[in-house]
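To find a chain, count down the sequence lines: A is the first, B the second, and so on, and within it residues start at 1. Because only heavy atoms are used, hydrogens play no part in the values below, and waters and symmetry mates are left out as well, while side chains stay in. This structure is a prediction, so every number in the text was calculated from the model and none was measured.
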There are 2 protein chains.
Amino acid sequence: MDKREHLVQVAFDIFYREGVHAVGINRILTESGVAKKTLYNHFASKDELVAATLSYRDQRFLNWLGERMATGQAGIDALKAMFDALHDWFNGEDAGQPQFNGCYFINLSAEYGDAEHPLHQQCSAHKRAVQALMRQHLSAWVESGVLDQLVDALAILKEGAIVQAHVTGDKNAALKAWAIAEPLLQAHVRQKD
Amino acid sequence: MDKREHLVQVAFDIFYREGVHAVGINRILTESGVAKKTLYNHFASKDELVAATLSYRDQRFLNWLGERMATGQAGIDALKAMFDALHDWFNGEDAGQPQFNGCYFINLSAEYGDAEHPLHQQCSAHKRAVQALMRQHLSAWVESGVLDQLVDALAILKEGAIVQAHVTGDKNAALKAWAIAEPLLQAHVRQKD
DNA sequence: TACCATGGAGACAAATCTGTCTACTTAAGG
DNA sequence: CCTTAAGTAGACAGATTTGTCTCCATGGTA
């Protein structure tokens with residue numbers, strides 16, 4: 001078994017549920033059954049472990065979302081699939097996602113508020129990657145002149161839904177966001193050549 | 001001078017910039033020049049001080065937003081004024097707001113993720129209050145059947161804009177959000193009797 | 001068999017955390 | 001003038017923080 005991978009998984013679970021600053025290294029060690037020596041053998045500091053959990057989550061989330069968007073759907077349907085996926089995540093109906101506790105990257109941006117901080121920038125990079133995924137699914141189906149606008153709009157709606165679901169507990173936020181997004185997209189569907 | 005008030009102001013400034021768990025009580029004491037005894041004379045614990053900063057920010061933010069929405073505007077224009085206010089906040093162009101570092105309530109919800117936690121619920125209550133303010137400005141101007149939908153939509157757009165501005169640094173997010181919100185509102189303006 | 005890398009368990013250092021408590025000062029009001 | 005309340009300054013306790021280091025066990029490989 002890969003100790004490093006195990007450590008990252010356990011650390012992510014705990015950091016995601018309870019926050020980074022609220023949890024000490026020792027919690028992760030006892031909960032993972034790994035020795036402190038081993039942790040500091042793989043990571044130079046707690047921050048490096050946190051960075052690893054961000055990479056781990058980044059990869060897993062993009063894979064998950066990519067798959068949910070790709071299942072037989074094309075174009076605008078893929079975007080609907082994205083909001084459906086968010087809905088399932090909020091409501092604990094997708095086994096591929098942990099108990100919903102907001103977005104890990106938004107949460108970490110809150111704890112590392114300084115935009116210059118490496119961890120904050122890692123969060124920013126993740127959001128850009130998700131936007132790239134949306135753009136990729138949209139680019140062939142909408143007029144290219146409005147592509148950037150639509151991706152920005154979808155990003156705002158997606159982040160807003162996540163925050164609403166987490167802070168106010170509105171578990172239908174993803175559906176509400178899609179209700180706004182859909183007509184926006186429909187209005188700019190490219191005429192099929 | 002009111003020691004309690006001063007303490008809350010300084011604590012809010014620091015907690016907002018750096019996060020709650022990342023800052024110790026002693027930082028607030030030295031930076032405010034107040035004795036530890038005095039702090040614990042006013043507040044039973046750090047959590048109570050945090051709760052006070054939430055109340056303080058809740059009041060200040062609602063006052064600020066309410067004023068920006070009320071200046072001569074009516075109906076839908078008041079909502080445009082809201083997004084303009086957010087834009088100024090993001091870009092440091094409103095002296096009534098601190099250096100933008102995201103939404104204090106979203107940030108605290110990230111640090112206190114458990115929905116049952118009193119501080120989390122205080123954040124949730126703030127968001128409901130802001131929605132009530134939006135509803136109040138809208139209720140006379142749109143068809144009553146779609147009022148709830150519109151308020152939900154505006155809330156999602158507002159939170160989405162804040163998160164985008166903070167995490168990815170897109171300081172124009174408020175304008176983009178308004179570009180989505182405006183046609184939604186226009187479509188449901190009540191016929192003037 | 002001998003060697004060496006890896007990890008387990010945890011003591012330890014040095015700093016920092018929250019919260020309590022003592023001793024002293026200051027100011028207001030009867 | 002005397003009493004009382006409130007604040008200052010900071011020592012202190014006890015827990016917890018990150019990170020280092022030691023000692024020992026285990027397991028694969030030359």
Side-chain angles (χ1 to χ4, degrees), chain A residues 1-56 104 107-108 110-114 116-120 122, chain B residues 1-56 104 107-108 110-114 116-120 122:
Chain A
M1 62 178 140
D2 188 341
K3 294 287 174 187
R4 193 196 131 105
E5 179 77 1
H6 182 225
L7 219 31
V8 171
Q9 284 175 15
V10 171
F12 165 71
D13 284 345
I14 301 178
F15 286 155
Y16 177 53
R17 257 184 293 124
E18 308 187 22
V20 170
H21 287 110
V23 172
I25 283 291
N26 291 320
R27 260 292 296 291
I28 289 153
L29 295 177
T30 58
E31 214 135 323
S32 64
V34 170
K36 191 175 277 193
K37 183 79 182 294
T38 307
L39 191 155
Y40 282 100
N41 195 11
H42 286 293
F43 305 99
S45 66
K46 184 186 182 183
D47 266 16
E48 268 196 20
L49 173 62
V50 176
T53 65
L54 280 173
S55 295
Y56 168 77
Y104 191 48
N107 293 355
L108 259 110
E111 291 205 63
Y112 298 90
D114 180 6
E116 304 303 312
H117 195 290
L119 294 176
H120 189 114
Q122 221 174 326
Chain B
M1 59 177 142
D2 188 340
K3 294 285 174 188
R4 194 196 129 103
E5 181 77 1
H6 181 225
L7 221 29
V8 171
Q9 284 175 15
V10 171
F12 164 73
D13 284 344
I14 301 178
F15 287 154
Y16 177 55
R17 256 183 293 123
E18 307 186 23
V20 170
H21 287 110
V23 173
I25 285 291
N26 291 320
R27 259 292 295 291
I28 290 154
L29 295 177
T30 58
E31 213 134 322
S32 65
V34 169
K36 191 176 279 194
K37 182 80 184 291
T38 306
L39 190 156
Y40 283 99
N41 195 13
H42 286 294
F43 305 99
S45 64
K46 183 187 181 182
D47 267 16
E48 268 197 20
L49 173 61
V50 176
T53 64
L54 280 173
S55 295
Y56 168 76
Y104 190 49
N107 293 355
L108 260 112
E111 290 206 64
Y112 298 90
D114 181 7
E116 304 303 312
H117 195 290
L119 294 176
H120 188 115
Q122 220 175 325

Would you indicate, yes or no, if C/dT18 has its OP1 or OP2 atom less than 4.0 angstrom from a side-chain nitrogen or oxygen of B/K46?
-> yes
Select base, sugar-phosphate, or nothing to describe what B/H42 touches, counting heavy atoms under 4.0 Å on all strands.
-> sugar-phosphate
Derivation of the side-chain contact (heavy atoms from CB on, under 4.5 Å) call for A/R27 and A/F15 | CA-CA 10 Å; A/R27 260 292 296 291; A/F15 286 155; over 6 Å; no
Nearest to the side chain of B/A35, which nucleotide is it out of C/dA9, D/dT8, C/dG19?
-> D/dT8
Looking at every strand, decide which applies to A/N41 at a 4.0 Å heavy-atom threshold: base, sugar-phosphate, or nothing.
-> sugar-phosphate
Whole-Å gap separating C1' (C/dT18) and NE2 (A/H21) = 17 Å
A/L49 CG to D/dG19 P, in whole Å, measures 10 Å
Distance in angstrom units between B/I25 CD1 and C/dA15 P, rounded = 22 Å
Rounded to whole angstrom units, what separation is found between the CG atom of B/L29 and the C1' atom of C/dG19?
-> 11 Å
Whole angstrom is fine here: how far is it from CD in A/E48 over to C1' in D/dG19?
-> 13 Å
Is there a donor and acceptor pair, one atom on the side chain of A/K36 and one on the base of D/dG19, closer than 3.5 Å?
-> yes
Nearest heavy-atom approach of A/S32 to A/H6 is O-CE1, 3.1 Å
Is the shortest heavy-atom distance from the side chain of A/L39 to the side chain of A/H42 under 4.5 Å?
-> no
Whole-Å distance, B/Y40 OH to C/dC17 P, equals 11 Å
If you take all heavy atoms of A/I25 and A/K46, which pair is closest and at what distance?
-> CD1-CG, 3.8 Å
N or O in side chain of A/T38 less than 4.0 angstrom from C/dT6 OP1/OP2 | no
Rounded to the nearest angstrom, tell me the gap between atom CD1 in B/I28 and atom P in C/dT18.
-> 8 Å
Taking only the side-chain nitrogens and oxygens of B/K3, find out if one of them lies under 4.0 Å from OP1 or OP2 of D/dT8.
-> yes
Side-chain touch A/H117/A/D47, heavy atoms, less than 4.5 angstrom | yes
Residue whose nearest DNA chain D nucleotide is more 5′ - A/V23 or A/K37 | A/V23
Nucleotide C/dG7, atom P - distance to NE2 of A/H6 in whole Å = 13 Å
Candidates D/dT17, C/dG8, C/dT18 - which lies nearest the side chain of B/N26 = C/dT18
